[in-house]
Amino acid sequence: MAMIETEGLVKVYHSRGSEVRALDGLDLEVREGTVLGLLGPNGAGKTTTVRILATLLRADAGRATIAGLDVARDAQAVRRLIGLSGQYAAIDENLTGRENLWMFGRLYQIGSAAAKRRATELLVQFDLENAGDRVAKTYSGGMRRRLDLAAALIGRPTLLFLDEPTTGLDPRSRLGMWDVIRGQVRAGTTVLLTTQYLEEADALADEIAVVDAGKIIARGTADELKTQVGGERIEIVVHDRDLLHRAAQVAAPDGSATVDEHTRRLTVTAEGGAQQLVDVVLRLGEAQIRVDDVGLRRPTLDDVFLALTGHAAERPATDDETTTARKKGR
Amino acid sequence: MSRLRNAVADGIVISWRNLKRVPRIPELAIFAILQSIMFVLLFAFVFGGAIPLPGGGSYREFLMPGIFVQTLAFAAITTAVSIADDMTKGLIDRFRSLPMARSAVLSGRTFADILYNIGILAVLMVTGLAIGWRVNDGVLDFFAGVVLLLFFTYAMAWIGVFLGLSVPTVEVAQQVGFLVIFPVTFLSNAFVPTETLPAVLQPIAEWNPVSSLTGATRELFGNPNPFISDSFPGLHPILMSVVWTVTLLAIFMPLAIRKYRAIDG
Ligand SMILES: Nc1ncnc2c1ncn2[C@@H]1O[C@H](COP(=O)(O)OP(=O)(O)OP(=O)(O)O)[C@@H](O)[C@H]1O
Ligand SMILES: [Mg+2]
């Protein structure tokens with residue numbers, strides 16, 4: 001059964017005379033119990049999609065249902081099913097972590113004692129038990145994010161919206177967050193996750209939908225998308241410029257390597273993955289070619305974009321832009 | 001029936017969280033009170049001697065009801081600022097994504113404002129007693145005065161909610177609030193008898209809700225309440241206070257609720 005279904009969603013923002021077509025006929029389907037990664041660059045319409053599905057925003061046209069319930073007409077029933085962790089942590093800074101969770105639990109219509117128990121459970125699960133009785137104002141960015149996600153889980157939602165859940169997290173916290181999300185999925189929660197990183201969608205999502213300019217431009221598993229953009233590649237930086245072309249011959253006897261003289265870099269597509277990398281490295285060693293750097297590079301969001309749209313994804317937002325976007329968003 | 005019970009329960013949770021702010025940011029209450037005390041000192045000790053009361057009486061007793069009303073009017077700015085803050089921090093969105101009673105965010109907020117301002121009013125009254133303000137009428141009248149003041153506070157809270165939902169940032173809430181409420185409290189009988197104001201301003205001051213509230217409070221607390229004209233509001237401050245408060249509520253409560261419902265784009 002489809003947990004989320006949207007058809008031709010359109011959203012146009014009007015601000016000071018200018019119009020932004022944030023969604024331009026967005027169709028989406030997410031099956032129950034699966035994870036959909038909504039992948040796209042800044043301004044693609046990810047947050048707008050999530051806000052419409054989470055009953056916060058009304059679409060100008062089109063239809064969206066959650067478990068068969070219309071998000072506009074049956075908003076209150078939809079709210080009982082969903083948990084939302086928005087792009088920016090939305091917690092009460094003057095309450096402690098525990099008080100925040102209790103409050104959101106109560107407002108999720110959980111009894112006071114049960115909300116208390118659930119709060120403690122989540123604090124432990126999110127590694128916040130030591131900070132649980134501190135005012136959230138004193139939390140680091142990563143702790144806020146974790147508390148925000150914990151708040152989204154307070155009512156054990158059937159459907160979880162995660163809008164860029166790991167943006168701004170350090171690598172360790174990011175992995176921790178991934179574990180938590182995987183745990184939710186194992187427990188049967190359907191997840192819609194937005195991200196700017198293919199790697200993240202790859203790690204978590206059963207299926208990825210690439211969104212650009214308010215439309216889905218491609219869908220598929222991570223592997224399918226990667227094949228579309230040519231899969232992984234091996235990159236080698238050769239120490240000695242004179243040996244660059246010999247190295248290219250050794251690395252790819254079929255002559256398929258691309259060579260960049262200036263950076264002494266050669267690139268070989270690697271259908272064989274890591275094993276092919278090992279083979280190439282061994283052959284280069286036998287040929288006594290010194291290398292400065294060697295590695296297997298996965299396609300990035302940029303590569304996917306270039307391949308799918310012919311234009312590059314915007315660079316990630318700087319802090320500055322994020323703040324402006326946020327002010328606009330509210 | 002159970003819907004009403006949920007609405008009340010959710011409202012209490014929201015009130016609770018708003019009141020939690022008070023001990024967590026004590027500066028908020030402290031400076032609100034200090035500002036009022038500054039006005040008390042300024043008027044009682046600096047200008048007080050120069051302001052004649054028609055019909056005599058203690059200027060300090062005259063002043064304190066004005067200070068009460070002014071302080072409670074300013075509470076609307078506090079409300080506006082914290083609502084704007086909740087909006088920009090995304091908390092309002094989180095509340096809107098929860099299966100809670102829709103009314104609770106605003107009803108809980110405004111109810112918390114009443115409780116908070118009872119505390120502020122108590123501190124101000126103690127300050128007043130210290131500088132010579134007295135309640136000269138019966139207990140019943142006193143309580144009637146307090147109830148009137150809190151009813152007014154409630155109306156001001158809804159104005160604050162409306163303002164907070166209408167502005168883009170916290171700073172704007174602060175500025176607009178100040179710009180509106182500051183002159184309104186000064187174009188009144190709160191600090192000086194209306195007859196000392198320029199003639200053109202006198203009718204404005206007489207029909208100002210702040211004047212009606214101040215006059216009513218003076219009357220109910222048994223403090224000097226001079227008026228010169230026999231304008232209707234001057235003669236019936238208690239009636240006019242009720243009329244004003246009901247009117248303000250009737251205007252701003254629906255406006256605020258409509259504004260809240262319309263947050264979706
Ligand atoms: N409240 C608003 N008023 C005007 N324009 C808006 C508003 N919110 C979003 N937009 C615009 O709509 C488009 C889509 O925005 P959205 O926030 O959905 O993008 P996103 O994919 O979430 O981007 P990001 O990765 O930066 O979070 C952008 O061009 C944005 O500037
Ligand atoms: Mg976004």
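Basis for what follows: all heavy atoms, side chains included, without hydrogens, waters or symmetry-related copies.
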A/Tyr139 atom OH, over 12 foreign heavy atoms within 6.0 Å: yes
According to the interplanar angle, ranging from 0 to 90°, do the rings of B/Phe95 and A/Phe104 count as parallel (below 30°), tilted (30 to 60°) or perpendicular (above 60°)? tilted
So how far is it from A/Arg106 CZ to B/Ile12 CD1, rounded to the nearest 0.5 Å? 9.0 Å
A/Ala90 and B/Gly90: which non-hydrogen atoms are nearest, and at how many Å? CB-O, 3.4 Å
Given a strict heavy-atom distance threshold of 4.5 Å, which part of B/Leu98 is in contact with chain A: side chain, backbone, both, or neither? both
Minimum heavy-atom separation for A/Gln109 and B/Asn6, please, with both atom names. OE1-CG, 3.9 Å
Would you name the heavy atoms of A/Leu95 and B/Lys20 that are closest together and state the gap between them? CD2-CB, 3.6 Å
Nearest-0.5 Å distance that lies between atom CE in B/Met100 and atom CZ in A/Arg80: 13.0 Å
Would you say that more than 12 heavy atoms from the other residues, nucleotides or ligands in this model lie under 6.0 Å from the CZ of A/Arg134, or not? yes
Between A/Leu107, A/Val135, A/Asp60, A/Asn100, who has the most heavy-atom pairs with chain B when the cutoff is under 4.5 Å? A/Leu107
If you tally heavy-atom pairs under 4.5 Å between each of B/Leu91, B/Val13, B/Ile25, B/Ile92 and chain A, the highest tally belongs to B/Leu91
Could you look at A/Ala75 and say if it's the side chain, the backbone, both or neither that has a heavy atom under 4.5 Å from chain B? neither
Region of B/Ile14 in contact with chain A, defined by heavy-atom distances below 4.5 Å: side chain
Return the OG1 to CZ distance between A/Thr96 and B/Arg24, rounded to the nearest 0.5 Å. 6.0 Å
Just so I understand: if I count every heavy-atom pair under 4.5 Å between each of A/Asp148, A/Ile154, A/Leu81 and chain B, which residue has the most? A/Asp148
Please flag which part of A/Ala77 lies under 4.5 Å from any non-hydrogen atom of chain B: side chain, backbone, both or neither. neither
Under 4.5 Å to a heavy atom of chain B? For A/Glu93 that would be side chain
Decide if atom CZ of B/Phe182 counts as having more than 12 heavy atoms of other residues, nucleotides or ligands within a radius under 6.0 Å. yes
I need the residue from A/Met103, A/Glu99, A/Lys137 with the largest number of non-hydrogen atom pairs under 4.5 Å to chain B. A/Glu99
So which part of B/Arg94 gets closer than 4.5 Å to some heavy atom of chain A, the side chain, the backbone, both or neither? side chain
Among A/Ile91, A/Thr55, A/Ile82, A/Thr48, residue most engaged with chain B (heavy-atom pairs, under 4.5 Å): A/Ile91
Short N-O contact, B/Arg21 and A/Asp92, less than 4.0 angstrom: no
